[in-house]
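Note that this is a predicted model, so its numbers are computed, not measured. The chains referred to below are lettered A, B, ... by the order of the sequence lines, with proteins before strands, and numbering in each begins at 1.
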Amino acid sequence: MSDKKKNWPLWEVFVRSKNGLEHRHFGSLHAADEEMALENARDVYTRRSEGVSIWVVESKHIKASNPDENGEMFEPAADKVYRHPTFYDLPDEVKHM
Amino acid sequence: MSEQEVKNLEEMFEQKIARDEKIEPKDWMPEKYRKTHIRQISQHAHSEIVGMLPEGNWITRAPSLRRKVALLAKVQDEAGHGLYLYSACETLGISRDELYDQLHSGKAKYSSIFNYPTITWADMGAIGWLVDGAAIINQVPLCNTSFGPYARAMVRVCKEESFHQRQGYEIMLTLCRGTEEQKQMAQDSLNRWWWPSLMMFGPTDAESTHTEQSMKWKLKRKTNDELRQQFIDQTVPQAEILGLTIPDDDLKWNEETGQYDFGKINWDEFWQVVKGHGPCNKERLQTRVDAWENGEWVRDAAMAYSEKQAAKKVQKAS
């Protein structure tokens, strides 16, 4: 083993609570490898049958957007009202649309 | 950043919280907010972890299989709650190792209630009923606190906590409906846990230093004294159902205020235990440190195994 001691890395845990729903971020935990991360995730986050499927991913593999740059990141969508159905004027007589 | 810029940011930050918006880990936050949250969330996590010890003491001696599986599940939940909270705390930029170091070196605090001994089986009942009952009152408002990861962890904790209190009360109820000796055991346990449970809400409002700031950040929604009163008002009728007497001669219903008046809390005892001179401070910390140190080879072995497996995979692929 290397002389500098390595700690168990951090993993992010995503749980699908039932079929038909998406996996949702539940939290994180430390584990030595992906098998252990899955087993620990089961014990920590699904002790009361909260899930039917678990994903784990090592936290370092997640690239997150920076909230300080939310302007540049998300503003382009702000002035595109024509992407919403309410932008279009139709007479009240038109039904089912 | 200039002083003025920081001030503007701080103002916007406070407004955001006032609007009930959540703060997420990567958002800008004042250094004091970060530090206060690291302190509070880690203390909370440490309390869950140390909180396993007084009850772990009775797992092997539970009086029936039903009681044993319930107690085991409760202690497992506490480990889980500690883990939710540690990982919420880590999003603020402190490592798990640093957090453990602070606990093991005695630098970080945990709830003083766990420095009292559990000398009879009835203590498992009294802890669930009173200690978890007080914890729930402290924790429910935190489900709406301003820091997102903490609030989300607390929602999960609170959902799980209610069984803890119910199983404790059931133990008390069974003892109180049993033999005279069993009822006596329950009364003795209430006598020992009542006052320390009241102390769990912290110093009186006049003495509490963090209250104002904590209210602003929604780390607190009610003051220590308000929460304590709420606990007493809801617990006294529960003691009556058990047929037990609360060990406070000054306790009586106040028709005018619609609340119970109660006697003086021994704050000297409270500060003694906080400062490390409670009946079990040394033992609890030592047990925790031993568990950590004796488990070191397991953690190292798991890491070495994972590195070996990874190396094997690379070899196969090439």
With side chains defined as the heavy atoms from C-beta onward, is the minimum distance between [X] and [Y] less than 4.5 Å?
X	Y	answer
Met303(B)	Pro9(A)	yes
Asp77(B)	Arg48(A)	yes
Phe26(A)	Arg152(B)	no
Glu34(A)	Gln309(B)	no

Heavy-atom pair of closest approach, residues Ser28(A) and Ser87(B):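 Nearest heavy atoms, Ser28(A) then Ser87(B): OG-CB, 3.1 Å.
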
Kindly say whether [Y] contributes a backbone atom to a donor-acceptor pair with the side chain of [X] at under 3.5 angstrom?
X	Y	result
Tyr84(B)	Val44(A)	yes
Trp8(A)	Arg299(B)	yes
Arg96(B)	Leu29(A)	no

[atom1]/[X] to [atom2]/[Y] distance, rounded to the nearest 0.5 angstrom?
X	Y	atom1	atom2	result
Asn7(A)	Tyr100(B)	CG	OH	10.5 Å
Leu9(B)	Asp68(A)	CG	CG	8.5 Å
His30(A)	Leu83(B)	NE2	CG	9.0 Å

Worked verdict on Leu10(A) versus Glu90(B) for side-chain contact (heavy atoms from CB on, under 4.5 Å): CA-CA 10 Å; Leu10(A) 190 64; Glu90(B) 283 173 271; 4.0 Å; yes

Please flag which part of [X] lies under 4.5 Å from any non-hydrogen atom of chain A: side chain, backbone, both or neither.
X	result
Asp27(B)	both
Glu160(B)	both
Tyr305(B)	side chain

Atom group of Ser65(A) that falls short of 4.5 Å from chain B, counting heavy atoms: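 Backbone of Ser65(A) only, per the 4.5 Å heavy-atom cut-off to chain B.
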
Greatest number of heavy atom pairs closer than 4.5 Å to chain A - which of Ala73(B), Ala153(B), Ser306(B), Ser95(B): Ser306(B)

Is it the case that atom [atom1] in [X] sees more than 12 heavy atoms from other parts of the structure closer than 6.0 Å?
X	atom1	answer
Arg61(B)	CZ	yes
Arg221(B)	CZ	yes
Glu3(B)	CD	no
Lys18(A)	NZ	no
Arg24(A)	CZ	no

Charged N-O contact under 4.0 Å between Glu50(A) and Arg156(B): no

